[in-house]
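The model shown is predicted, which means the values in this text are computed figures rather than measured ones. Counting starts at 1 for both ligands and their atoms, in listed order.
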Amino acid sequence: MTSALVEFEDVTRTHSSGGTQVHALQGVDLRVDYGELVAVMGPSGSGKTNLLNLAGALDTPTSGRVVVAGVDLSTASPDERARLRRRSIGLVFQDYNLVSSLTVRENVALPLELDDVAPRQASAQATALLARLGLADRGSEFPDRLSGGQRQRVAIARSVIGTRSLILADEPTGALDSVLGEEVIELLRAQIGPECGGILVTHDPRYAAWADRTVFLKDGRIVAGTAPLVKVESLTGPISDQASGAAS
Ligand SMILES: Nc1ncnc2c1ncn2[C@@H]1O[C@H](COP(=O)(O)OP(=O)(O)O)[C@@H](O)[C@H]1O
Ligand SMILES: [Mg+2]
């Protein structure tokens, strides 16, 4: 049995800049279930980051409905949206966004501290999580002492600490070579489970192949890959085959 973690219903996001209207997203329907990792691909400017910002409660739609973990973001108060971001959503960016003046452990513990968890408890949870992600010996270092791959692993640790149910990653491998990139995506994939789902924006079909399915954006519209409640194997099959180079 699956249940919806993220639901976009006929979502449009329009920006006005200098008198003109930019339709960043138009009529987008998307559902991500608990336990599912969905990859989003599409050319630059196709609306991928707009989509993640909406799913991450950082933005609200111009029209349509976005529901995350049962919270309707179109009608939620700013406080409710902030709480959702603090407790339930983890974000991973291309450039890691670690705080350079905090240690690795402090960076990972930060979301809990911001949510008023006692520092000692937050630190203990961060230590345990770092150990689970193969970074046990790195907790006391500062981020600039780590490699790019390690920094992105720390960013993933920070995005999943606590009881986060939605992980959103915007080209998290952008600054990494392909071996480290693959490691980071594998780690991201491993965080998805019965109580957690995710959206991965990527340019690279090899990384998208780690997702359960891929949706394609073009000019703000989903042009292939998914619709709510549609059985998707037939749509994603050829894509993953292509991505992994598997013979058919
Ligand atoms: N705050 C904004 N104001 C005006 N236009 C924006 C804004 N954010 C994004 N856009 C436009 O929306 C479109 C989609 O942007 P984005 O979601 O960043 O694309 P992607 O992440 O796929 O490269 C682009 O044409 C971009 O210029
Ligand atoms: Mg983008």
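- No side-chain heavy atom of Asp33 sits under 4.5 Å from any side-chain heavy atom of Leu5.
- Ion pair Arg81/Asp79 not flagged as a salt bridge, since none of the NZ, NE, NH1 or NH2 atoms sits closer than 4.0 Å to an Asp/Glu carboxylate oxygen.
- Looking at Arg65 and Asp10, no side-chain N of the basic residue comes within less than 4.0 Å of a carboxylate O on the acidic one, giving no salt bridge.
- Sorted by chain and number, the heavy-atom contacts of ligand 1 below 4.0 Å come from His15, Val22, Ala24, Pro43, Ser44, Gly45, Ser46, Gly47, Lys48, Thr49, Asn50.
- Contact of the Phe8 side chain with the Asp29 side chain is not registered, since no non-hydrogen atoms from C-beta on lie closer than 4.5 Å.
- For Ser100 and Asp144, the side-chain atoms include no donor-acceptor pair closer than 3.5 Å.
- For Arg206 and Asp204, the salt-bridge test passes: some basic side-chain N is under 4.0 Å from an acidic carboxylate O.
- Listed by chain and number, the residues in a salt bridge (Lys or Arg N to Asp or Glu O under 4.0 Å) with Arg145 are Glu141 (sequence neighbours excluded).
- Cluster partners of Leu102 are Val99, Leu110, Leu114, counting Ile, Leu, Val, Met, Phe, Trp and Tyr whose side-chain heavy atoms approach within less than 4.5 Å, directly or via other members.
- Within 6.0 Å of CD on Glu80 lie more than 12 heavy atoms contributed by other residues, nucleotides or ligands.
- Around the Mg ion (ligand 2), the protein N, O or S atoms closer than 2.8 Å are Thr49 OG1, listed by chain and residue number.
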